[in-house]
Amino acid sequence: MSTDSAMLSDDNRPATSSPNGHANGKNGTSATEQLSDEEEIPLSQVTRTPYSSAQPPRQKRKRAVYYESSSEDDTPLASSPLKPSSDAVTKPGAINATTVPASLVNGKGKGKAVKEEYTECETPDDAPSKAKVNANGRSKRPARKKAKHDDDDDDDEAVSDSGDSTPPTKKKRAVPRKRKAKEQSEPEPESEDDAPVKKPSIQRATKKVKKEDGGGATSEVDASKPKKRGTKKEKEGKEKGKGKNKKEEEEEEVFRWWEVGGGDGSVKWKTLEHNGVIFPPPYEPLPLDVKMKYDGKEVDLPPASEEVASFYAAMIETDHAQDATFNKNFFDDWKKVLKANPPLNGTNIVSFELCDFSPMFQHFETEKAKKKSLPAAEKKELKKARDDMEAKYTTCLLDGRKEKVGNFRVEPPGLFRGRGEHPKKGALKFRVRPEDITLNIGKDAPIPVPNMPGKWKAIQHDNTVTWLANWTENINNSHKYVFLAAGSSLKGQSDMLKFEKARELKNHVDRIRQNYNTDLRSKVMADRQRATAMYFIDKLALRAGNEKGEDEADTVGCCSLRCEHLTLESPNTIVFDFLGKDSIRYYNQVPVDPQVFKNIRIFKENKEDEDALFDRVNTSSLNKHLTSEMKGLTAKVFRTYNASITFQKLLDEKEEELKNATLQEKLNAYNHANRLVAILCNHQRAAPKTHDQSMEKMRYKYRSLKYERMKMRHALFALDDSYKSDDKYADDESEIDDDWITTHEESMRGKDMEKAEKKFEKDNEKLIEDGKEPHGQSVLDSKIKAIKDEYKRLAKERGTKKAKSNKTAEKLEEAIEKLGQRIKAFKLQMVDRDAGKEVALGTSKINYLDPRITAAWCKTHDVPIEKLFSKTLVTKFPWALEADAYWKF
DNA sequence: TTTGAAACTTAGAAGCGATGAT
DNA sequence: ATCATCGCTTCTAAGTTTCAAA
């Protein structure tokens with residue numbers, strides 16, 4: 001099928017580009033007309049495209065055609081002219097690393113899209129176009145048919161299309177991008193004295209720190225420490241340290257980079273030493289008695305094929321194995337491996353359905369169990385051995401300082417676990433070998449030796465980047481990098497910069513909002529669309545939304561929204577429903593500014609569901625514009641800004657209220673604010689498997705509380721009829737009915753009797769121990785009888801609205817009041833828990849909430865930071881924890 | 001321009017170990 | 001002490017942004 005023209009023909013109108021010139025007709029006039037605000041909104045025109053969550057229709061997508069079809073793996077490689085020669089591209093290293101020849105599995109070389117241009121022929125009056133069509137009838141680029149410039153000219157005279165006011169570019173011309181440098185041993189940054197690297201003093205903002213149990217950390221100060229910050233602490237530390245045994249002398253150097261300044265600029269380090277990466281152990285064939293079956297018979301697989309089979313076998317109980325795409329991709333790739341490494345007993349594996357991997361699966365399960373049941377001491381030993389082995393890879397020397405490395409373990413081979421409807425999920429991910437890996441390391445540093453046979457692909461010394469190693473992965477031909485850990489100075493610095501940039505937005509956001517609000521009425525379509533997109537990004541914290549390719553899951557962000565993703569509901573509500581990053585559904589019904597509502601209606605006019613909503617906007621033009629509004633401003637800064645500012649505001653609102661609150665109440669308030677931000681950013685998680693069950697438990701407890709309350713009310717009535725007319729004691733137990741009460745009482749009765757028996761036994765044991773006479777059976781019997789009688793009485797009471805109690809009316813009133821509070825609180829807790837079951841708080845905490853907000857809040861409310869930040873977060877944000885109580889985002 | 005490589009941040013799932021209930 | 005739960009850590013996929021090459 002290679003690029004069949006067949007496919008081309010089927011739906012090939014220039015799709016996307018809203019054929020009938022939505023907006024452009026001739027960009028000029030018509031655009032102007034269409035943009036007039038006054039027009040009416042024929043509601044009937046409003047498109048409604050309900051589709052249910054997970055599966056957006058995307059037939060049109062296949063028009064891809066312009067790209068090499070990825071499904072043609074089986075066609076002879078070299079043949080198609082459209083196909084880049086795979087040989088040329090295949091990474092040598094990937095081959096037979098794991099014994100699986102890359103060339104076997106990876107039909108095509110780079111999934112590089114070979115694209116043709118589409119010469120548009122419709123709508124002649126349209127802008128000169130070359131709209132590239134693509135996917136869902138959308139083009140790799142949005143199907144915009146015009147180029148912004150065209151608009152300008154034509155689109156209503158005047159209105160100088162802002163489009164190009166050149167943004168204040170920084171003539172800085174930073175150090176040349178490494179791209180070229182990478183070839184290999186880069187030529188060393190040409191003396192570039194002007195390179196903005198001022199890190200003179202930086203060298204020594206180091207302190208020696210001893211770990212103390214007490215949590216206080218600091219101690220003696222490195223002589224060269226520059227600033228005087230934190231002296232007090234140091235002194236204290238010193239004293240304490242004195243008394244303390246020196247043994248723990250494992251003082252770590254703590255580089256207080258945030259006190260030094262500098263750091264920006266493109267040179268990231270002066271010297272860099274590291275030990276490379278760890279490769280996973282080679283494949284170990286299964287014991288001879290563990291064999292998968294094909295058509296009921298055991299198959300004798302050579303190791304290479306067995307390994308791939310085992311990847312799948314380990315997953316047969318997961319959802320992945322239920323997925324058709326996943327299975328197909330796995331099987332296709334596996335067959336290629338099998339072809340080169342056929343079963344030794346001649347089995348010809350052609351049908352996936354006939355494969356039975358369960359013997360392998362069982363084997364893995366027993367192995368797992370074995371490991372688990374190992375004595376603790378042995379487990380510990382194993383772990384120690386592993387840690388020792390890995391130790392040297394966990395850190396590196398950056399400008400002479402020890403820093404933690406993040407992902408020093410090379411990703412093991414396996415089956416690609418793409419999210420959502422990723423067309424390649426299940427495909428075989430090759431074993432990575434030294435030949436695949438490029439190391440980035442200081443010029444004078446010794447070159448590490450790989451822990452498996454082989455030679456590094458290349459060594460480079462590029463100090464303008466932060467990675468230590470990288471390789472190209474075979475599924476999507478993207479790059480994988482080994483970076484420093486989140487707690488390292490390099491990551492910390494850029495993290496801090498990120499938040500500072502977001503804070504800077506505070507000073508510009510009013511103006512920016514004003515501008516885009518004005519532009520919502522712009523007569524230039526491109527501007528109006530951009531303004532509308534900005535409105536969404538700002539208000540709803542949507543992501544920028546780059547275009548995606550054919551061989552990726554169909555997900556969108558702001559700029560790549562399609563008409564089908566928005567539904568209008570008069571008078572001014574927009575319903576968003578689309579799959580965003582990681583194929584997480586974004587569903588939101590929001591009332592919007594009437595002008596935005598109107599705009600969306602206009603943008604959708606004359607377009608198909610699968611056409612781009614913002615056909616004149618893309619992330620690049622959007623960001624270009626944003627940068628012109630504020631230096632360094634991009635779409636994602638809005639997310640950071642809005643998340644943090646919202647969080648700060650929410651916490652501030654509760655400040656007074658929390659003055660005398662308990663610790664738990666404070667934590668709740670914090671988590672509540674955190675949750676609202678997570679919702680804003682649409683951070684979801686799969687509801688815990690046990691959620692329903694635990695909700696059920698809570699509901700039961702809730703009812704039990706209601707039952708108690710009812711009993712007390714009734715007791716009150718029994719004492720004095722007049723309570724019945726008091727609203728305070730009106731029936732409030734709608735969630736419990738007679739049946740439930742019956743069951744509940746029976747269950748309590750059972751429990752009470754059990755309890756009595758247990759107690760009886762225990763008492764007797766005790767008596768015997770003490771050398772006394774145990775109670776006889778009659779004691780228990782009479783207790784049981786008492787319980788039975790009690791429940792008989794309760795049964796009689798049922799429905800009478802009377803109950804017995806030995807409390808006085810006053811006591812009852814009090815107890816009811818208290819119970820009422822408890823019920824309310826519990827109900828809240830339930831609702832909260834249910835509401836939060838699908839909300840992930842972690843992501844915003846790690847990436848979006850300025851940690852200084854939390855640090856300051858903890859100081860204000862006297863909450864230990866450990867209650868809110870896990871150990872990793874504490875080490876990730878050392879620069880933030882010193883913020884004082886008054887610090888505000 | 002447009003495309004896509006490169007580099008870095010953000011993301012949820014899976015794995016794992018601590019902790020609390022029984 | 002054992003088991004279930006839960007929260008944290010690890011893993012790696014999936015985004016964004018920038019810039020050079022075509």
Side-chain angles (χ1 to χ4, degrees), chain A residues 110-115 117 130 132 139-141 147-149 173-174 176-182 266 268 315 318-320 368 372 379 383 406-412 414 416-420 422 424-425 429 440 462 464-467 470 472-473 475-481 483-486 490-491 494-495 498 543-549 552-553 555-560 580-584 618-624 626-627 632-637 639-640 681-686 688-691 693-694 838 840-848 869-873:
Chain A
K110 303 185 118 179
K112 200 168 240 160
V114 174
K115 126 176 248 198
E117 293 201 334
K130 267 167 123 163
K132 315 260 186 52
S139 75
K140 179 68 176 206
R141 298 271 103 197
K148 89 180 341 161
H149 288 316
R173 70 168 235 68
R177 259 275 186 151
K178 40 258 107 214
R179 217 142 285 165
K180 67 281 239 45
K182 86 153 312 81
S266 44
K268 307 295 200 320
M315 300 172 74
T318 68
D319 288 348
H320 291 116
K368 228 188 276 172
K372 212 174 139 195
K379 272 194 239 174
K383 182 168 189 319
N407 52 329
F408 51 85
R409 275 182 279 262
V410 169
E411 294 176 17
F416 176 67
R417 291 152 129 96
R419 314 262 172 92
H422 193 121
K424 293 185 177 175
K425 59 184 166 182
K429 196 168 89 165
N440 191 40
D462 183 352
T464 66
V465 295
T466 67
W467 53 270
N470 88 352
T472 302
E473 148 266 8
I475 305 285
N476 299 301
N477 282 293
S478 67
H479 305 290
K480 298 282 192 167
Y481 295 86
F483 292 115
L484 295 191
L490 278 179
K491 292 288 192 191
S494 73
D495 214 29
K498 171 184 79 184
R543 297 186 183 84
N546 286 301
E547 274 292 317
K548 294 190 72 184
E552 301 174 274
T555 63
V556 299
C558 187
C559 294
S560 48
K581 182 178 180 182
D582 290 309
S583 295
I584 295 294
N618 61 34
T619 55
S620 158
S621 64
L622 175 72
N623 279 337
K624 193 173 163 198
L626 291 176
T627 303
L633 184 63
T634 60
K636 88 189 194 65
V637 177
R639 250 167 100 81
T640 312
C681 295
N682 198 37
H683 291 145
Q684 300 187 19
R685 60 170 181 173
K689 284 195 187 66
T690 53
H691 176 81
Q693 195 186 329
S694 73
E838 295 182 314
L841 301 189
T843 307
S844 49
K845 213 186 253 190
I846 295 169
N847 300 300
Y848 290 103
F869 280 177
S870 65
K871 206 179 93 198
T872 30
L873 285 187

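Atom set for the values below is all heavy atoms of this structure, side chains included, hydrogens, waters and symmetry mates excluded. Proteins get letters first, then strands, A, B, ... in listed order; numbering begins at 1 in each. The shown structure was predicted, so the numbers you read here are calculated from the model rather than taken from an experiment.
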- Note on the structure: Between CH2 of W467(A) and P of dA6(B) the distance, given in whole Å, is 9 Å
- Task: Nearest whole angstrom, please: distance from the P of dC8(C) to the CZ of F869(A).
- Result: 12 Å
- Query: Looking for any heavy atom pair under 4.0 Å, which part of the strands does G842(A) touch: base, sugar-phosphate only, or nothing?
  - Reply: nothing
- Map G632(A) and G420(A) onto DNA chain C by nearest heavy atom, then report which one ends up closer to the 5' terminus. G420(A)
- Please list, chain by chain and in numerical order, all residues satisfying salt bridge (charged side-chain N to carboxylate O under 4.0 Å, His left out) with R685(A), sequence neighbours excluded. none
- Query: Are any of S870(A)'s side-chain N or O atoms less than 4.0 Å away from OP1 or OP2 of dG7(C)?
  - Reply: no
- Message: Taking only side-chain N and O atoms of S620(A), does any of them lie within less than 4.0 angstrom of OP1 or OP2 on dT18(C)?
- Response: no
- Sugar-phosphate only, base, or nothing, as touched by N546(A) at under 4.0 Å among non-hydrogen atoms: base
- Rounded to whole Å, CG of L873(A) lies from P of dC8(C) at a distance of 8 Å
- Taken in chain and number order and not counting sequence neighbours, the residues that satisfy side chain to side chain donor-acceptor pair (under 3.5 Å) with N623(A) are none
- Roughly, in whole Å, what's the span from NE2 in H479(A) to P in dG15(C)? 17 Å
- When the distance from CG of L626(A) to P of dT18(C) is rounded to whole Å, what number comes out? 10 Å
- With sugar-phosphate meaning primed atoms plus P, OP1 and OP2, does G557(A) contact a base, only sugar-phosphate, or nothing at under 4.0 Å between heavy atoms? nothing
- Task: Round to a whole Å and report the spacing from CG of L633(A) to C1' of dT18(C).
- Result: 15 Å
- Flag the pair K268(A) / L490(A) as yes when at least one side-chain heavy-atom distance between them is below 4.5 Å, and no otherwise. yes
- Query: F416(A) has a side chain; which of dA14(C), dT17(C), dT10(C) sits nearest to it?
  - Reply: dA14(C)
- Note on the structure: F408(A) meets the ring-ring contact (aromatic ring centres under 6.0 Å, His included) criterion, sequence neighbours left out, with none
- S494(A): partners by side chain to side chain donor-acceptor pair (under 3.5 Å), with sequence neighbours left out: none
- Query: To the nearest angstrom, how far is N618(A) atom CG from dT18(C) atom P?
  - Reply: 13 Å
- Side chain of K548(A): nearest nucleotide among dG15(C), dT17(C), dA14(C)? dG15(C)
- Message: Under 4.0 Å from OP1 or OP2 of dC11(C): is there any side-chain N or O of K480(A) that close?
- Response: no
- Sugar-phosphate or base contact per nucleotide [nucleotides 9-22 of chain B; S, B, -; heavy atom under 4.0 Å]: BBSBSS--------
- Note on the structure: By ring-ring contact (aromatic ring centres under 6.0 Å, His included), F483(A) pairs with (sequence neighbours left out) Y481(A)
- Counting only side-chain N and O atoms of H422(A), is one of them less than 4.0 Å from OP1 or OP2 of dA13(C)? no
- Residue of the set T843(A), I584(A), N847(A) for which side chain to side chain contact (heavy atoms under 4.5 Å, CB included) holds with H683(A): T843(A)
- Query: Taking for each residue the nucleotide of DNA chain C bearing the nearest heavy atom, is the 5' side occupied by A635(A) or by G418(A)?
  - Reply: G418(A)
- Task: Give one of base, sugar-phosphate or nothing for T619(A), where a contact means two heavy atoms less than 4.0 Å apart.
- Result: nothing
- Message: Could you check whether any side-chain N or O of K548(A) sits under 3.5 Å from a backbone N or O of A553(A), counting only pairs where one atom can act as donor and the other as acceptor?
- Response: yes
- When rounded to whole Å, the CG to C1' distance for the pair N470(A) and dA7(B) reads 9 Å
